[in-house]
Each structure stands twice: as C-alpha cells, then as structure tokens.
Protein chains: 2
Amino acid sequence: MDDYREKDIDRLFYALSDSTRRKMLLRLTKGDTSISELGRPFDVSKQSISKHLKVLEDAGLVHKQKNGRVQKCRFNMDGFSVVQNVVEEYKKFWEGQFDALEDYIETIKHKEQKK
Amino acid sequence: MDDYREKDIDRLFYALSDSTRRKMLLRLTKGDTSISELGRPFDVSKQSISKHLKVLEDAGLVHKQKNGRVQKCRFNMDGFSVVQNVVEEYKKFWEGQFDALEDYIETIKHKEQKK
DNA sequence: ATAATAATTAGCTAAACAGCTAAATAAAGT
DNA sequence: ACTTTATTTAGCTGTTTAGCTAATTATTAT
C-alpha cells in the first residue's frame with residue numbers, strides 16, 4: 001500500500017488531469033459498465049475512449065475484466081486511495097506548519113508571563 | 001470557490017503529476033521560500049525550476065510575491081482545496097454506491113419478510 | 001459460413017511538454 | 001560604475017500526448 005513509487009503517483013495524477021477521463025471515472029464510481037457504454041456520452045471515437053481507459057488502467061484507477069467480447073470496467077479504490085493519501089499528506093504538513101506556529105506563539109506567551 | 005472550470009481542474013492535477021513539482025509543493029507546505037532555495041535540492045537548471053514553478057502557479061497551487069530581487073513563494077491552500085474537494089466527491093460517489101447497495105439489500109430483506 | 005458487435009492495434013498529425021543553453025532584466029553589494 | 005545574484009525569456013531538441021482513420025482480432029448472432 002505504501003510501496004507506490006513516484007512514477008506511479010505521476011501516473012495517477014496525470015490520469016486525473018483530463019476531464020474526459022475524470023468523467024469516465026466518475027461514471028465508474030456509480031457502477032461497473034462496458035467500454036462502449038462508458039464512451040457513449042463523449043463526442044470522440046471509440047479508439048480515443050480505449051486510450052483514455054488505458055491511461056486510467058495503467059494508473060491503477062480502473063480494472064478491466066473480459067466477459068465474452070465485452071470488457072467490464074470497474075473503479076479501483078486501491079489506486080484512488082493512493083491519491084487520497086497523497087492529498088492528505090500535503091494537508092497535514094500544511095496544517096502542521098500552523099500547529100508549529102501556534103506552539104511558537106504559546107512559547108512566546110509563556111516567556112512573556114515569566115517576565 | 002465552486003466556479004472552477006474543468007480546465008482549471010486539469011491544470012491542478014497536471015501540476016501534481018510530476019514528482020519534482022510535488023516535492024517543490026511539499027517543501028512549500030512547510031513554509032515560504034525563494035525560488036533558488038526551492039530549486040536547490042534538484043539536479044536541474046534554475047530555468048527548469050522556474051518553469052515547474054510557473055506550472056504550479058498557473059494551477060493556483062502557489063503564489064509568488066516579489067521582494068526586491070527575490071521571489072517569495074507560498075503554498076496556496078485555496079487551489080489545493082479544490083483538489084481535495086474533487087477527490088472527496090469521487091469517494092462520496094463510490095461510497096454512495098455501496099449505500100445504494102445496502103438500501104437495496106434492505107429492500108430485499110423487507111420483501112422477504114412480507115412473504 | 002457470414003455478418004454484426006466489442007474492442008484493440010498501427011500509423012498518422014498537430015500540440016504540449018521537459019530539459020537544455022544563451023541572453024536579458026532587474027535589484028543589491030562593492 | 002561594475003559585479004554579483006535572482007529570476008525570466010527565447011529558442012532549440014526529443015518525447016509524449018490526443019485525436020483521427022483504417023485495419024485487425026475475437027466473440028456472438030443469423
């Protein structure tokens with residue numbers, strides 16, 4: 001869960017940097033579907049949808065499973081939670097900075113009281 | 001706060017899809033710094049660092065402020081919270097799907113009881 | 001057998017990007 | 001005035017990407 005390398009994280013964020021891919025992924029959070037179905041709302045070729053899906057798959061955000069000639073696509077929470085964790089980390093550091101500032105202010109206050 | 005367009009979100013995730021940029025941003029969550037200072041840990045030219053910083057800035061993740069000949073860089077939580085919100089949205093939908101499934105199971109159970 | 005459907009692969013073009021070096025701007029120190 | 005320091009701009013090369021069309025593979029239906 002934590003042995004994700006930088007390159008893997010690159011791929012995750014990159015996959016999310018395109019609105020077509022984000023919409024596809026959002027669709028999948030609501031339930032599994034075929035690739036054709038997944039591409040229907042978009043005004044691009046099926047080949048383009050396949051490519052977008054491959055980006056999502058390589059990033060680990062989506063899983064495909066062959067069922068006859070249809071590929072069932074499924075949202076992969078494992079991949080997505082890596083994104084969540086990274087985002088959380090930044091937030092923690094950022095908030096930690098203010099905690100440190102508060103600590104500092106507290107220290108100053110105590111010093112003042114001692115005077 | 002909610003009038004971020006798809007292209008803006010593209011830029012946010014894109015900015016985060018590079019490990020150098022992520023490291024720069026992580027550094028900034030811990031406190032403000034100059035561009036030179038920010039680039040010091042990396043084995044690339046200062047011009048490259050400037051470009052990376054511009055990507056972070058255009059995405060709204062970082063703010064620059066000129067102080068004499070030095071540019072002070074600051075983490076911008078406003079931009080970052082948009083990323084957080086998007087990530088949260090996907091999580092909610094995904095979890096919502098299971099809630100819906102639970103509801104469905106509950107419905108089935110009740111139907112069974114009525115028989 | 002053959003036609004239709006689902007999806008992929010190959011090959012193309014135009015645009016965007018990451019890195020570089022060299023040169024320019026702008027402020028500060030001597 | 002001159003030099004150093006901080007940063008940006010311009011221009012280059014190689015790589016990656018998004019979109020396309022055409023052709024291919026694999027599965028199902030008639």
Side-chain angles (χ1 to χ4, degrees), chain A residues 5-28 31-76, chain B residues 5-28 31-76:
Chain A
R5 309 213 171 284
E6 293 297 332
K7 285 282 169 198
D8 298 322
I9 301 176
D10 289 0
R11 267 189 285 274
L12 281 165
F13 281 106
Y14 183 78
L16 291 170
S17 75
D18 178 276
S19 98
T20 300
R21 283 195 293 265
R22 281 196 305 277
K23 284 172 192 160
M24 287 168 72
L25 193 64
L26 196 62
R27 166 66 187 80
L28 289 177
D32 300 356
T33 188
S34 71
I35 299 180
S36 312
E37 186 57 37
L38 193 58
R40 212 175 302 279
F42 306 102
D43 194 26
V44 290
S45 65
K46 60 203 162 149
Q47 292 90 333
S48 186
I49 294 294
S50 265
K51 271 196 188 176
H52 279 309
L53 192 61
K54 188 159 168 44
V55 174
L56 290 168
E57 207 188 353
D58 289 348
L61 289 166
V62 168
H63 254 117
K64 282 192 289 189
Q65 199 183 348
K66 204 163 185 175
N67 254 53
R69 69 183 159 183
V70 179
Q71 296 256 29
K72 206 186 218 178
C73 304
R74 173 164 290 174
F75 181 79
N76 182 17
Chain B
R5 310 212 171 286
E6 292 296 332
K7 286 281 168 199
D8 297 323
I9 301 176
D10 290 2
R11 267 188 286 274
L12 281 165
F13 280 105
Y14 185 78
L16 292 170
S17 75
D18 179 276
S19 98
T20 301
R21 284 195 292 264
R22 281 196 306 276
K23 283 172 191 159
M24 287 168 73
L25 193 64
L26 196 62
R27 168 64 189 79
L28 288 177
D32 301 355
T33 188
S34 72
I35 299 180
S36 312
E37 186 58 36
L38 193 57
R40 210 174 304 279
F42 306 101
D43 193 25
V44 290
S45 65
K46 60 205 161 140
Q47 291 90 332
S48 186
I49 294 295
S50 265
K51 272 194 188 177
H52 279 309
L53 192 61
K54 188 158 168 44
V55 173
L56 290 168
E57 207 188 355
D58 289 348
L61 289 165
V62 168
H63 254 118
K64 283 191 290 190
Q65 201 182 348
K66 203 162 185 176
N67 255 54
R69 69 183 159 183
V70 180
Q71 297 256 27
K72 204 186 218 178
C73 303
R74 172 165 291 174
F75 180 78
N76 182 18

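In the text below, chain A, chain B and the rest are named by the order of the sequence lines, each starting its count at 1.
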message: Can you give me the closest heavy-atom contact between Val55(A) and Tyr14(A), atom names plus distance?
response: CG1-CD2, 4.3 Å
query: Phosphate oxygens OP1/OP2 of dT8(D): is one of them under 4.0 Å from a side-chain N or O of Lys64(B)?
result: yes
- request: Would you state whether a donor and an acceptor, one from the side chain of Arg69(B) and one from the base of dT5(D), lie under 3.5 Å apart?
  value: yes
field: Atom pair distance, as rounded to whole Å: NZ in Lys72(B) and C1' in dA27(C)
entry: 17 Å
message: With a 4.0 Å limit, can you tell me whether Tyr14(A) has a side-chain N or O closer than that to the phosphate oxygens OP1/OP2 of dC17(C)?
response: no
query: Is Asp8(B) salt-bridged to Arg11(B), cutoff N-O under 4.0 Å?
result: yes
- prompt: Taking NZ from Lys66(B) and P from dT7(D), how many angstroms apart are they, rounded to a whole number?
  reply: 10 Å
query: Of Asn76(A), Leu28(A), Leu12(A), which meets side-chain contact (heavy atoms from CB on, under 4.5 Å) against Leu61(A)?
result: Leu12(A)
- prompt: Between atom NZ in Lys7(A) and atom P in dT15(D), what is the gap in whole Å?
  reply: 14 Å
- request: Identify whether any heavy atom of Ser34(B) sits under 4.0 Å from a base atom; if not, whether one sits that close to sugar-phosphate; answer base, sugar-phosphate or nothing.
  value: sugar-phosphate
query: Is Arg27(A) salt-bridged to Glu37(A), cutoff N-O under 4.0 Å?
result: no
- request: May I ask you to list the residues of residues 37-50 of chain B, by number, that have any heavy atom positioned under 4.0 Å from an atom of DNA chain C?
  value: Val44(B), Ser45(B), Gln47(B), Ser48(B)
statement: From the list Lys23(B), Arg21(B), Arg22(B), salt bridge (Lys or Arg N to Asp or Glu O under 4.0 Å) with Glu6(A) holds only for Arg22(B)
field: More than 12 heavy atoms from other groups under 6.0 Å of CG on Asp43(B)
entry: no
- prompt: At what distance, to the nearest 0.5 angstrom, does CG of Asp18(B) lie from NZ of Lys7(A)?
  reply: 7.5 Å
Whole-Å distance separating the CG atom of Asp18(A) from the C1' atom of dT16(D): 14 Å
message: What's Lys54(B) touching, base or sugar-phosphate or nothing? Going by heavy atoms closer than 4.0 Å.
response: nothing
query: Hey, which of these two, Gly68(A) or Ile35(B), hits DNA chain D nearer its 5' end, going by closest nucleotide?
result: Ile35(B)
Rounded distance (Å) that lies between atom C1' of dT16(D) and atom CG of Asp10(A): 13 Å
- request: Let me know the distance between CE of Met24(A) and C1' of dA7(C), rounded to the nearest Å.
  value: 13 Å
task: Measure the distance from CG on Asp58(B) to P on dA18(C) and round it to the nearest whole Å.
output: 12 Å
- prompt: Within the structure, does a side-chain N or O atom of His52(B) lie under 4.0 Å from either OP1 or OP2 of dC17(C)?
  reply: no
